[in-house]
Amino acid sequence: KNIVIFGETGSGKSSVINTIAQEEVANTSNDVVGCTRESKRYSVEIYGQKFALFDTAGLNDGSAGTVPHKLAKRQLKSLLDRLHESPSDGIDLLVYCVHKSTSPRNTLDAYNTVYPWTRRKKSVPIVVVVTGLECESPMESWWDAHEDIFNSMHLAGHACVTTI
């Protein structure tokens, strides 16, 4: 099963991968500059089932960033096309990582990079994972207060998490 994790620079994509893998397989950074320059595949096994987790370069990276925004979008779309066109691969899930401090405009921009693709190719579920909620108690209260940002998105679900 192939799972593609996408989102803005600094949204915690690599940390989410490490959390799912239950070990540090992806490099992470505490800087506002991203550390993932291109898509990387991580093979993990969960309860005896094999998954391929794809970490992607961050979207909306600033001018001092690792990967310019347009290049990150092209890389993401290319990965999606490559996986979808492969008869043996496909895409089973898209995970959209959003840091709690991401602006609503950037949240929609990153989502709109992927959603039109899912409609053209085939219906691939998208879930959103909100990160950076270490100081929220309960974490789900952040979602309750910001749910309207996500109302126009076609999401299969959401999770509010803390990662290291």
Side-chain angles (χ1 to χ4, degrees), residues 1-30 34-60 66-67 72-100 102 107 110-134 136 138-144 146-147 149-151 153-164:
K1 299 212 178 248
N2 290 324
I3 300 171
V4 177
I5 293 99
F6 73 99
E8 288 196 313
T9 297
S11 63
K13 298 177 298 298
S14 299
S15 294
V16 166
I17 286 174
N18 290 339
T19 299
I20 293 168
Q22 297 182 354
E23 64 179 299
E24 193 168 322
V25 294
N27 292 330
T28 60
S29 171
N30 289 329
C35 59
T36 305
R37 297 179 190 277
E38 57 189 25
S39 300
K40 287 184 124 181
R41 177 189 172 122
Y42 298 97
S43 297
V44 299
E45 191 170 314
I46 304 169
Y47 298 114
Q49 190 164 8
K50 294 182 183 196
F51 293 87
L53 306 176
F54 291 86
D55 197 359
T56 59
L59 302 170
N60 292 320
T66 307
V67 180
K73 283 175 98 167
R74 276 198 311 271
Q75 288 178 350
L76 176 58
K77 289 176 181 178
S78 175
L79 172 66
L80 297 176
D81 284 339
R82 185 170 42 86
L83 288 173
H84 180 72
E85 291 167 2
S86 169
S88 62
D89 285 334
I91 301 171
D92 298 287
L93 181 65
L94 292 164
V95 177
Y96 177 21
C97 286
V98 177
H99 190 272
K100 73 173 188 171
T102 304
T107 299
Y111 170 81
N112 285 329
T113 297
V114 169
Y115 181 68
W117 178 91
T118 66
R119 290 184 50 134
R120 284 193 315 272
K121 302 297 182 181
K122 79 171 195 178
S123 183
V124 176
I126 303 173
V127 295
V128 66
V129 174
V130 182
T131 62
L133 298 171
E134 292 78 12
E136 298 285 330
M139 283 189 272
E140 193 68 22
S141 66
W142 184 94
W143 181 265
D144 295 338
H146 297 85
E147 187 175 7
I149 295 169
F150 302 93
N151 281 342
M153 298 180 189
H154 301 270
L155 300 172
H158 77 276
C160 296
V161 302
T162 179
T163 58
I164 299 175

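When reading the values below, keep in mind they use all heavy atoms of this one structure, side chains included, and skip hydrogens, waters and symmetry mates. Along the sequence shown, residues are numbered consecutively beginning with 1.
- In this structure, the ring of His154 has its center less than 6.0 angstrom from the ring center of Tyr115.
- The salt bridge (Lys or Arg N to Asp or Glu O under 4.0 Å) test applied to Glu136 returns Lys100, not counting sequence neighbours.
- A distance of 8.5 Å separates CG of Asn112 from NZ of Lys73, quoted to the nearest 0.5 Å.
- Here the closest heavy-atom approach between residue Lys1 and residue Gln49 is recorded as CE-NE2, 3.1 Å.
- Paired with Phe150 under the rule ring pair (Phe, Tyr, Trp, His ring centres under 6.0 Å), one option of Tyr96, Trp143, Tyr111 passes, and it is Trp143.
- Residues that satisfy the side-chain contact (heavy atoms from CB on, under 4.5 Å) test with Arg82, not counting sequence neighbours, are Leu79.
- With sequence neighbours excluded, the residues that form a side-chain contact (heavy atoms from CB on, under 4.5 Å) with Leu93 are Ile3, Val95, Pro125, Val127.
- Of all the heavy atoms in Lys13 and Glu8, the pair that sits closest is NZ-O, 2.9 Å.
- Residues forming a side-chain contact (heavy atoms from CB on, under 4.5 Å) with Glu23 (at least two apart in sequence, or on another chain): Ala21, Val25.
- In terms of the side-chain hydrogen bond (donor to acceptor under 3.5 Å, both in side chains) criterion, Thr131 has no residue partners (sequence neighbours excluded).
- Using a distance-only test at 3.5 Å, with no hydrogens or angles considered, no donor-acceptor pair links the side chain of Asp55 to the main chain of Ser39.
- Applying the ring pair (Phe, Tyr, Trp, His ring centres under 6.0 Å) rule to His99 yields no partners; only residues at least two apart in sequence or on another chain are considered.
- Nearest heavy atom pair, residue Thr113 against residue Leu76, reads CG2-CD2, 4.1 Å.
- In this structure, the ring pair (Phe, Tyr, Trp, His ring centres under 6.0 Å) partners of Trp142, at least two apart in sequence or on a different chain, are His146.
- Applying the side-chain contact (heavy atoms from CB on, under 4.5 Å) test to Glu45 and every residue at least two apart in sequence or in another chain returns Lys50.
- For Tyr42, there are no ring pair (Phe, Tyr, Trp, His ring centres under 6.0 Å) partners two or more places apart in sequence or in a different chain.
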